[in-house]
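Remarks on the structure that follows.
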Amino acid sequence: EVQLVESGGGLVQAGGSLRLSCAASGFTFDDYAIGWFRQVPGKEREGVSCISSSDGSTYYADSVKGRFTISSDNAKNMVYMQMNSLKPEDTAVYYCAADLSFGRVVAGEWIDYGMDYWGKGTLVTGSS
């Protein structure tokens, strides 16, 4: 059974930090790109960051560049996102998701075609 389980969300003051974790199982981790996405109720889901498990290539949305860092531990099938200098507008449910194509994720094609696997999300609340 494929599983992506997010953890690490919570309430943090503006300017603070959180580290999200994504535990993956049930598929060949090294073959997939793992991305972080976020969604505010009533708004479209947004791609935040992505990492290629095969070569470590990374991608960041402009809104988080310089503040968020994605990393992976292939031995543990884990992906992390360190979020620094959090802003109230970072408040959202954060999802991790996996897809075979890093390039497709970076190109935004996931918007039309989806990702292969999704987690259930973890809530991050940034207070002002």
Side-chain angles (χ1 to χ4, degrees):
E1 179 188 7
V2 171
Q3 282 193 314
L4 290 167
V5 181
E6 304 91 339
S7 62
L11 174 66
V12 62
Q13 288 189 331
S17 298
L18 278 177
R19 188 176 85 151
L20 302 184
S21 300
C22 173
S25 61
F27 60 95
T28 306
F29 185 85
D30 291 0
D31 289 344
Y32 280 76
I34 309 294
W36 286 99
F37 302 78
R38 65 186 181 186
Q39 189 168 23
V40 176
K43 295 189 176 181
E44 292 186 352
R45 191 166 293 188
E46 173 190 13
V48 177
S49 66
C50 188
I51 188 166
S52 168
S53 299
S54 61
D55 66 9
S57 298
T58 58
Y59 159 82
Y60 297 95
D62 288 342
S63 57
V64 305
K65 277 181 183 176
R67 301 189 298 123
F68 292 9
T69 303
I70 190 170
S71 62
S72 66
D73 184 337
N74 287 28
K76 296 181 179 179
N77 287 6
M78 294 289 297
V79 173
Y80 308 96
M81 186 165 70
Q82 178 67 41
M83 305 187 296
N84 297 330
S85 303
L86 280 161
K87 304 176 182 179
E89 52 264 41
D90 293 318
T91 295
V93 177
Y94 284 73
Y95 301 88
C96 70
D99 195 90
L100 278 171
S101 173
F102 176 78
R104 192 172 82 161
V105 177
V106 171
E109 293 180 22
W110 64 271
I111 296 173
D112 293 324
Y113 298 107
M115 299 284 285
D116 291 332
Y117 308 115
W118 287 94
K120 294 183 178 181
T122 185
L123 177 63
V124 172
T125 303
S127 65
S128 56

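The cluster map of Ile, Leu, Val, Met, Phe, Trp and Tyr, joined by side-chain heavy atoms under 4.5 Å apart, puts Tyr95 and Val48 in different clusters. Linking ILVMFWY residues whenever their side-chain heavy atoms come closer than 4.5 Å, directly or via other members, places Val12 and Leu20 in the same cluster. Hydrophobic clustering of Ile, Leu, Val, Met, Phe, Trp and Tyr side chains at less than 4.5 Å, counting indirect connections, unites Phe29 with Leu100.
How far CD of Glu44 is from CD1 of Ile111: 7.0 Å, rounded to the nearest 0.5 Å. From Tyr94, atom OH reaches atom OG of Ser49 across 9.5 Å, with rounding to the nearest 0.5 Å. Atom CG in Asp31 sits 11.0 Å away from atom CG in Asp116 (nearest 0.5 Å). Here the CG atom belonging to Asp99 is positioned 12.0 Å from the OH atom belonging to Tyr113, to the nearest 0.5 angstrom. Distance check: Arg38 CZ to Cys96 SG gives 15.5 Å after rounding to the nearest 0.5 Å. Here the CD1-CD1 distance, from Ile51 to Ile34, works out to 9.5 Å after rounding to the nearest 0.5 Å.
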Exercise answer: donor-acceptor pairs, residues 74-88 side-chain atoms, under 3.5 Å, sequence neighbours excluded:
unit_1	atom_1	unit_2	atom_2	d
Asn74	OD1	Ser72	OG	3.2
Asn74	ND2	Asp30	OD1	3.1
Asn74	ND2	Ser53	O	2.8
Gln82	NE2	Asn84	OD1	2.9
Asn84	OD1	Ser17	OG	2.9

Less than 3.5 Å apart, which donor and acceptor atoms pair up between the side chains of residues 121-128 and the rest of the protein, not counting sequence neighbours?
unit_1	atom_1	unit_2	atom_2	d
Thr122	OG1	Gly9	N	3.2

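Side-chain polar atoms of Glu46 and Ser63 form a donor-acceptor pair below 3.5 angstrom.
The minimum heavy-atom distance between Val2 and Phe27, with the atom names listed, is CG1-CD2, 3.7 Å. Across Gly47 and Phe37, no two heavy atoms sit closer than the pair CA-CD2, 3.5 Å. Considering every non-hydrogen atom in both Thr69 and Tyr60, the closest pair reads CA-OH, 3.4 Å. In terms of heavy-atom proximity, Trp110 sits nearest to Val105 at CD1-O, 3.5 Å. Closest non-hydrogen pair, Ser21 versus Trp36, comes out as O-CH2, 3.5 Å.
No side-chain heavy atom of Asp55 sits under 4.5 Å from any side-chain heavy atom of Phe102. The closest side-chain heavy-atom distance from Val40 to Thr91 is not below 4.5 Å. A 4.5 Å side-chain heavy-atom check between Tyr117 and Tyr32 finds at least one atom pair inside the cut-off.
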Exercise for the section: Output, in order, the C-alpha distance, side-chain angles, deciding distance and verdict of side chain to side chain donor-acceptor pair (under 3.5 Å) for Ser101 and Glu109. Expected result: CA-CA 10 Å; Ser101 173; Glu109 293 180 22; over 6 Å; no
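Side chain of Glu6 to backbone of Lys120: a donor-acceptor contact under 3.5 angstrom is found. No donor-acceptor distance shorter than 3.5 angstrom exists from the side chain of Tyr59 to the backbone of Ser52, with no hydrogens or angles considered.
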